[in-house]
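Everything below concerns the one structure shown next.
Numbering of ligands and ligand atoms starts at 1, following listing order. In this text, all values refer to a predicted model and were calculated from it rather than measured experimentally. Numbers here are sequence positions counted from 1.
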Amino acid sequence: MGANVKDFLAWCRRHLILVTVLTLVGVAGFGYVNIQVLHMTSEPEFCHLCHPAKGFGALAEVDSWEHSGHAEAGVSCLDCHGRPGVFGYMKAKLGGLKDTYMQLTITPEEKLSILENPGEHLVPSEQCTFCHTDEGNAAYRKKHKYTMQVVEMRMLDSVKNPEFRERKGLPDIMTETFVGGTHFDHSFHIEAFDLECNNCHFGLIHRAQSKSDRMNMCLECHDENQGSSAPKLSNCMTCHQAQYDLHQGIGAKGVKGEPSLMWAAEVGCEGCHTGAEDGQFRPSSETCVNCHDADYVEIFNDWAGQTKSRIAELKLIRSEVELLLKEADKRKRSTAEAWTLYEKALYNFRLVRNDGTNGVHNSEYASEILDSVAADFREIRKGLNEAW
Ligand code: HEC
Ligand code: HEC
Ligand code: HEC
Ligand code: HEC
Ligand code: HEC
Ligand code: HEC
Ligand code: HEC
Ligand code: HEC
């Protein structure tokens, strides 16, 4: 051992307390830096470095996510692309290291080909049911009991149902049959036909698949099941519950409405959806002119334009209100009533949004529902402010 090292050790022994403190600060600092690095490299901005395209499909994963309902609700990349729990998180981070290595070693063509052909179980159904059901959440938590509670690195780690679901205004897809505005029994379909989530939710997040593709997929199987209760093309109202409800002026919580004028005058679904039999499900403003004069295109544009901008506005307010509620929870204020009001508002908001027509199906009722959503959000804010 050289003289310098001996001197150094002797010095350390003389200043034991100082050395201990410095060492502890060093270790804590290193740990802190590491955790910051873990967080930073989990951000969509980081993924964007290598997945930078705009639109949908391969390379555009960050942009497509940004425009999704999941992003709106704060569900981020590793909430889907990393299994729940500490080990799930760490495994996803190791996958990230592999990504980085591959980025440096494979050709752009090879990368594109990997991204264009994601494995069928890249995001397994178990991941989805963790958030979207009570039973799946409980089962996963039980199976991975020891790795679930340690640290909270992302939203996923805090998902406990039914609380999470309810606060996000979501149904339990396995026990409820009115989901996303559609009358649809997940439990029956998944169990009877052994289906995975992505068999129907193809295109979720990253691909622009048309809704017509999805509807055709349902009808194909239903046509093969003649004599069963499976609804066929002409039974629009059996599947399209939200649109049906909106026409009748019902369905929203605490908001009474009237049937739309046209529904009252017995214009049925196929009165406007004239191309349905030919597979052309989606009408446009031009359809109005089948029965009205050309000015009515303007009415259509007014209805859709107004509702669309209100939905966009409420989307922002929704995130703000949710943040406020979470902050209030952290400060241990009583928020139970406010959360209940928030759940109701979200339910109503989603009813109009999921109708998918920006209120064209019943502009008056849609507008009343959105008024009530705005009022509920205002009241929650007011309540939280007053309690300061
Ligand atoms: C340094 C560049 C780089 C960064 C940063 C990066 N990726 Fe990737 N990613 C790649 C490459 C290259 C591939 C294709 C090769 C592979 O599968 O590793 C890929 C593939 C993927 C795949 C598909 C894997 C498969 O098996 O099909 C997913 C999912 C993914 N990345 C998610 C992410 C997420 C989430 C982030 C941010 C937390 C991220 N990536 C950040 C370069 C990167
Ligand atoms: C709600 C869950 C969910 C979220 C959130 C999510 N993804 Fe995905 N991702 C999927 C699913 C499901 C697939 C499987 C392929 C498909 O359906 O497109 C996938 C596929 C991918 C792939 C493989 C290539 C491809 O285009 O299919 C990449 C890369 C990827 N995601 C990156 C990201 C990044 C980056 C983010 C965050 C900005 C993100 N994902 C957020 C569910 C999600
Ligand atoms: C971390 C929890 C979480 C995970 C994991 C997750 N989701 Fe979601 N999902 C949500 C939340 C929250 C919403 C509500 C979005 C909103 O308010 O519009 C949502 C919305 C949806 C919707 C409604 C339509 C939409 O896009 O807004 C569908 C369909 C859906 N999820 C399917 C899936 C599938 C399939 C998977 C697995 C690939 C999955 N989710 C994974 C939390 C999650
Ligand atoms: C047989 C087709 C099919 C399968 C399989 C399927 N879904 Fe769905 N799912 C639907 C339809 C139809 C809707 C309602 C239409 C819509 O809003 O997209 C829906 C709606 C949803 C919603 C939206 C609920 C809401 O209130 O916004 C979620 C979340 C969801 N599904 C999750 C899942 C998950 C998780 C799986 C896998 C366990 C799954 N689905 C499997 C067809 C299916
Ligand atoms: C693999 C075949 C298959 C697919 C795919 C399928 N269904 Fe079905 N569905 C059936 C069968 C069979 C029945 C009749 C069950 C009975 O008579 O007990 C049915 C019944 C229904 C019913 C009426 C029963 C009820 O729940 O009240 C609805 C609504 C329905 N399906 C909606 C859908 C939608 C929406 C999709 C597409 C997202 C879809 N189905 C996809 C086979 C399928
Ligand atoms: C078996 C159930 C079922 C029946 C019956 C049905 N639909 Fe659909 N329809 C769906 C599903 C599922 C979707 C996709 C919803 C989604 O992805 O959000 C859809 C989507 C649509 C779309 C959007 C198409 C697009 O590409 O934008 C229109 C419009 C539509 N349906 C109209 C109708 C009309 C009109 C009828 C009656 C003539 C009808 N549907 C009957 C299940 C059904
Ligand atoms: C007054 C005319 C009119 C009537 C009546 C009507 N629709 Fe529509 N519907 C439209 C128009 C127009 C669109 C397309 C709006 C757009 O693209 O912005 C549409 C869109 C839809 C969509 C697609 C929503 C989405 O998610 O993209 C569905 C589903 C639908 N209608 C179902 C129905 C059902 C079910 C009925 C009967 C209960 C019905 N419609 C009655 C005019 C009508
Ligand atoms: C199948 C024929 C038909 C189609 C298509 C149709 N309407 Fe109507 N509309 C009617 C009938 C019938 C009434 C009720 C007559 C009345 O009370 O004046 C009506 C009433 C109305 C009214 C209220 C009364 C008035 O005349 O100002 C408005 C507004 C309206 N429609 C707008 C639209 C718009 C916008 C579209 C396109 C999305 C559309 N309609 C498509 C048949 C139709």
request  = Using a strict cut-off of 4.0 Å, indicate which atoms of ligand 2 neighbour a heavy atom of S76.
outcome  = 5 (C)
ask   = Should the pair R214 and F202 be classed as cation-pi, given the thresholds of under 6.0 Å to the six-membered ring centre and 45° from the axis?
value = yes
query = Relative to the heavy atoms of L261, which atoms of ligand 8 are at a distance of less than 4.0 Å?
reply = 23 (C)
request  = Go through the side-chain N and O atoms of T335 and D329 and say whether any donor and acceptor fall under 3.5 Å apart.
outcome  = yes
request  = Find out if a path of hydrophobic residues (ILVMFWY) with successive side-chain heavy-atom gaps under 4.5 Å connects L59 to I205.
outcome  = no
For atom 27 (O) of ligand 8, the protein heavy atom that lies nearest, with its residue and separation = Y296 OH, 3.0 Å
task = Anything under 30° is parallel, anything over 60° is perpendicular, the rest tilted; go ahead and classify H247 against H361.
result = tilted
query = Quick one: which ligand 8 atoms are inside 4.0 Å of a heavy atom on T287?
reply = 5 (C)
key: Option whose closest heavy atom lies nearest to atom 7 (N) of ligand 5, chosen from M215, H222, H240   = H222
task = Please work out which of the three classes, parallel, tilted or perpendicular, describes the rings of H292 and Y296, given edges at 30° and 60°.
result = parallel
inquiry  = Please check if the number of heavy atoms outside I17 that lie under 6.0 Å from its CD1 is greater than 12.
reply    = no
query = At a 4.0 Å threshold, what atoms of ligand 2 neighbour a non-hydrogen atom of H51?
reply = 29 (C)
remark   = One finds that the ligand 5 atoms under 4.0 Å from a non-hydrogen atom of H183 are 25 (C), 26 (O), 27 (O), 29 (C)
ask   = Where does C288 meet ligand 8, judged by heavy-atom distances below 4.0 Å: at the side chain, the backbone, both, or neither?
value = both
Check: A230 main-chain N/O paired with S228 side-chain donor or acceptor under 3.5 Å = yes
message = What I want to know is whether H70 and ligand 2 share at least one N or O pair that is separated by under 3.5 angstrom.
response = no
key: Test item, N198 contacting ligand 2 (heavy atom, 4.0 angstrom)   = no
query = Is any heavy atom of the protein nearer than 4.0 Å to atom 16 (C) of ligand 8?
reply = no
inquiry  = Can you tell me how the ring of F130 sits relative to the ring of Y140, calling it parallel under 30°, perpendicular over 60° and tilted otherwise?
reply    = perpendicular
ask   = In terms of atom number and element, which parts of ligand 8 are under 4.0 angstrom from non-hydrogen atoms of A265?
value = 12 (C), 14 (C)
query = Which bit of H189 is near ligand 5, meaning a heavy atom under 4.0 Å away: side chain, backbone, both or neither?
reply = side chain
ask   = When you measure from atom 19 (C) of ligand 8 to each heavy atom in E298, M262, H361, which option holds the nearest one?
value = M262
task = Name all residues meeting the side chain to side chain donor-acceptor pair (under 3.5 Å) criterion together with R353; count only those two or more places apart in sequence or in a different chain, and write none if there are none.
result = E72
ask   = Quick one: do F46 and V62 end up in the same hydrophobic cluster if we chain Ile, Leu, Val, Met, Phe, Trp and Tyr together by side-chain heavy atoms under 4.5 Å apart?
value = no
message = When you compare ligand 5 with T182, is there at least one nitrogen or oxygen pair between them that comes in under 3.5 angstrom?
response = no
task = Could you tell me whether the side chain of N137 and the main chain of V159 form a donor-acceptor pair under 3.5 Å?
result = yes
key: Options C221, P231, G227, S187, ranked by nearest heavy atom to atom 5 (C) of ligand 5, top entry   = C221
ask   = What are the atoms of ligand 2, with element, lying closer than 4.0 Å to any heavy atom of L115?
value = 24 (C), 25 (C), 26 (O), 27 (O), 29 (C)
ask   = Does the N or O separation between R214 and ligand 5 drop below 3.5 Å for any pair?
value = no
task = Provide the number and element of each atom of ligand 8 under 4.0 Å from a heavy atom of G271.
result = 1 (C), 5 (C)
inquiry  = Within the 3.5 Å criterion, strictly below it, is a donor on T100 or Q103 matched to an acceptor on the partner's side chain?
reply    = no
ask   = Which part of C128 is near ligand 2, with near meaning a heavy atom under 4.0 Å away: side chain, backbone, both or neither?
value = neither
request  = Would you confirm whether S319, through its side chain, and K315, through its main-chain N or O, come within 3.5 Å as a donor-acceptor pair?
outcome  = yes
message = Quick test of your reading of the structure: of N235, N225, D185, whose heavy atom lies closest to atom 12 (C) of ligand 5?
response = N225
key: Output field: ring centroids F184/H186 closer than 6.0 Å   = yes
note = Distance filter < 2.8 Å from atom 8 (Fe) of ligand 2, protein N/O/S hits 2
